[in-house]
Amino acid sequence: VRHLAGFAIGNVGGPYAADLLKVMLLDGDKFARANAAVGLARNGSTDGVPALTELLNESLLPFDASALKGKTANEIQLAENNFLVEQPSLVRTCLRAVSDLWPRLSDAQKTELKTVLEKISAKFFAPQVRIQADELLRKIDAP
């Protein structure tokens, strides 16, 4: 529910919404953090860039079944299937936010994000995400 709230608040916009989204950047749920960062980006704020960078870096980590000790094989399979579906969606949303914010980013933010974009373009498990990252890299490298 928290990640849906972040999505809704990001669509509303305004200073009060921005304050709520900044708090949501600290949420324990990565989808809530992603929606908060994307909502801030949608409203022209770069305050969520550290969260976007972190989420994009984390997206390169493989599914970790060892974190599900005590779960049944079916529960582990369901968690892995959710990962394979949800992770590409989360990354694609973060990539759109980075694209929208690119002109507003500092040189240091651009350098850090470009590094992770190159890794996603080369290594991400979902081809559509690699393509999107590659397109974004071409866009930001264009004169």
Side-chain angles (χ1 to χ4, degrees), residues 1-71 75-143:
V1 172
R2 294 188 315 269
H3 74 276
L4 295 174
F7 177 79
I9 293 167
N11 282 323
V12 171
Y16 183 68
D19 289 342
L20 289 172
L21 293 171
K22 289 175 191 175
V23 171
M24 290 186 74
L25 291 172
L26 304 173
D27 197 287
D29 179 74
K30 69 179 176 180
F31 298 101
R33 288 193 315 276
N35 280 343
V38 169
L40 287 164
R42 190 176 293 123
N43 288 283
S45 172
T46 60
D47 289 330
V49 171
L52 290 170
T53 305
E54 179 183 339
L55 289 161
L56 290 171
N57 274 310
E58 288 175 2
S59 76
L60 293 162
L61 300 174
F63 176 74
D64 183 14
S66 68
L68 302 171
K69 289 183 181 174
K71 301 289 184 181
E75 290 171 323
I76 293 170
Q77 185 63 53
L78 179 62
E80 184 175 13
N81 289 344
N82 285 340
F83 174 85
L84 294 173
V85 170
E86 293 171 348
Q87 194 70 359
S89 178
L90 180 140
V91 174
R92 293 187 79 189
T93 301
C94 290
L95 291 174
R96 281 190 296 277
V98 169
S99 178
D100 292 344
L101 285 177
W102 193 260
R104 296 174 180 245
L105 300 179
S106 70
D107 288 342
Q109 289 171 320
K110 287 179 178 180
T111 300
E112 187 174 11
L113 281 165
K114 187 171 180 183
T115 299
V116 74
L117 292 174
E118 290 168 344
K119 291 177 185 175
I120 290 170
S121 175
K123 299 187 213 180
F124 198 82
F125 67 87
Q128 72 274 20
V129 174
R130 289 194 309 270
I131 291 167
Q132 184 178 349
D134 191 51
E135 289 171 352
L136 179 52
L137 284 166
R138 275 190 257 121
K139 174 185 169 184
I140 63 179
D141 284 337

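Throughout, numbering of the chain's residues begins at 1 and tracks the sequence. Treat the numbers as computed from the prediction; the structure is a model and nothing was measured.
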Item checked: With sequence neighbours excluded, residues passing side-chain contact (heavy atoms from CB on, under 4.5 Å) with Asp100 -> none
Next item on the list: Start with the C-alpha gap between Phe31 and Thr93, add the side-chain angles, then the distance that decides, and say whether side-chain contact (heavy atoms from CB on, under 4.5 Å) holds.
Entry: CA-CA 10 Å; Phe31 298 101; Thr93 301; over 6 Å; no
Can you name the closest pair of heavy atoms from [X] and [Y] and give their distance?
X      : Y      : answer
Leu137 : Ser121 : CD1-CB, 3.8 Å
Ala65  : Ile76  : CB-CG2, 4.0 Å
Gln87  : Ser59  : NE2-CA, 2.9 Å
Ala133 : Leu95  : N-CD1, 4.0 Å
Leu21  : Gly39  : CD1-C, 3.8 Å

Notebook entry, point to check: Is there a donor-acceptor contact under 3.5 Å from the side chain of Arg92 to the main chain of Val129?
Noted result: no
Contact check, side chains of [X] and [Y], non-hydrogen atoms, under 4.5 Å:
X      : Y      : result
Gln109 : Glu112 : no
Phe83  : Phe125 : yes
Thr46  : Leu40  : no
Leu136 : Trp102 : no

Notebook entry, point to check: Can Ile140 and Leu117 be said to form a side-chain contact (heavy atoms from CB on, under 4.5 Å), step by step?
Noted result: CA-CA 11 Å; Ile140 63 179; Leu117 292 174; 4.0 Å; yes
Note to self: Is there a side-chain contact (heavy atoms from CB on, under 4.5 Å) between Ile131 and Glu135? Walk through the geometry before answering.
What the structure shows: CA-CA 6 Å; Ile131 291 167; Glu135 289 171 352; 3.6 Å; yes
